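Given the structure is predicted, the values throughout are model-derived calculations rather than measurements. What's counted below: heavy atoms across the whole structure, side chains too, no hydrogens, waters or symmetry copies.
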Amino acid sequence: MATIANAQRPTGFQGIIQRLARDAEAHIEKHSRRAQIEALAAKSDAELARMNLTRDRIVHYVFSDRIWF
């Protein structure tokens, strides 16, 4: 039979800071576009050309919905 340790959650200021850090990390991970950039960078030049994309424009393409270059 497995036992579960009675872990106490931090309370007060320390608990707030830990929750904020966890939420910030989740937000950054959710909005990270590194995987998309790496996937496009792994494509051949021919594949990128079929997408009307050049290697030097990958980052611009990935962030085109947020930043207008």
Side-chain angles (χ1 to χ4, degrees):
M1 177 184 246
T3 57
I4 299 173
N6 230 1
Q8 291 183 348
R9 289 183 143 174
T11 57
F13 185 70
Q14 182 182 13
I16 292 169
I17 295 300
Q18 286 181 357
R19 281 191 299 276
L20 285 173
R22 236 185 357 259
D23 290 348
E25 184 178 350
H27 176 78
I28 290 168
E29 184 65 33
K30 179 181 176 185
H31 294 286
S32 174
R33 296 177 188 221
R34 171 174 263 161
Q36 188 179 2
I37 292 169
E38 289 175 357
L40 288 170
K43 291 185 179 290
S44 69
D45 289 336
E47 290 173 310
L48 291 174
R50 282 193 293 275
M51 297 174 65
N52 294 322
L53 188 59
T54 58
R55 219 162 269 293
D56 64 331
R57 300 294 299 171
I58 290 175
V59 174
H60 296 84
Y61 175 80
V62 171
F63 286 96
S64 65
D65 64 329
R66 294 225 177 229
I67 301 171
W68 295 274
F69 294 81

I'd like a table of donor-acceptor pairs (distance under 3.5 Å, sequence neighbours excluded) in which one partner is a side-chain atom from residues 32-42, with atom names and distances.
unit_1: S32; atom_1: OG; unit_2: R34; atom_2: N; d: 3.4
unit_1: R33; atom_1: NH1; unit_2: V62; atom_2: O; d: 2.8
unit_1: R33; atom_1: NH1; unit_2: D65; atom_2: OD1; d: 2.7
unit_1: R33; atom_1: NH2; unit_2: D65; atom_2: OD2; d: 3.3

Roughly how far apart are [X] [atom1] and [Y] [atom2], rounded to 0.5 Å?
{"X": "D56", "Y": "Y61", "atom1": "CG", "atom2": "OH", "answer": "15.0 Å"}
{"X": "T54", "Y": "H60", "atom1": "OG1", "atom2": "NE2", "answer": "9.5 Å"}
{"X": "Q18", "Y": "Q14", "atom1": "CD", "atom2": "CD", "answer": "5.0 Å"}

Test of understanding: with side-chain hydrogen bond (donor to acceptor under 3.5 Å, both in side chains), list the residues that count as partners of D23, not counting sequence neighbours. none
Is there any salt bridge (charged side-chain N to carboxylate O under 4.0 Å, His left out) pair reaching into residues 41-55, and which pairs are they, with sequence neighbours excluded? D45-R55
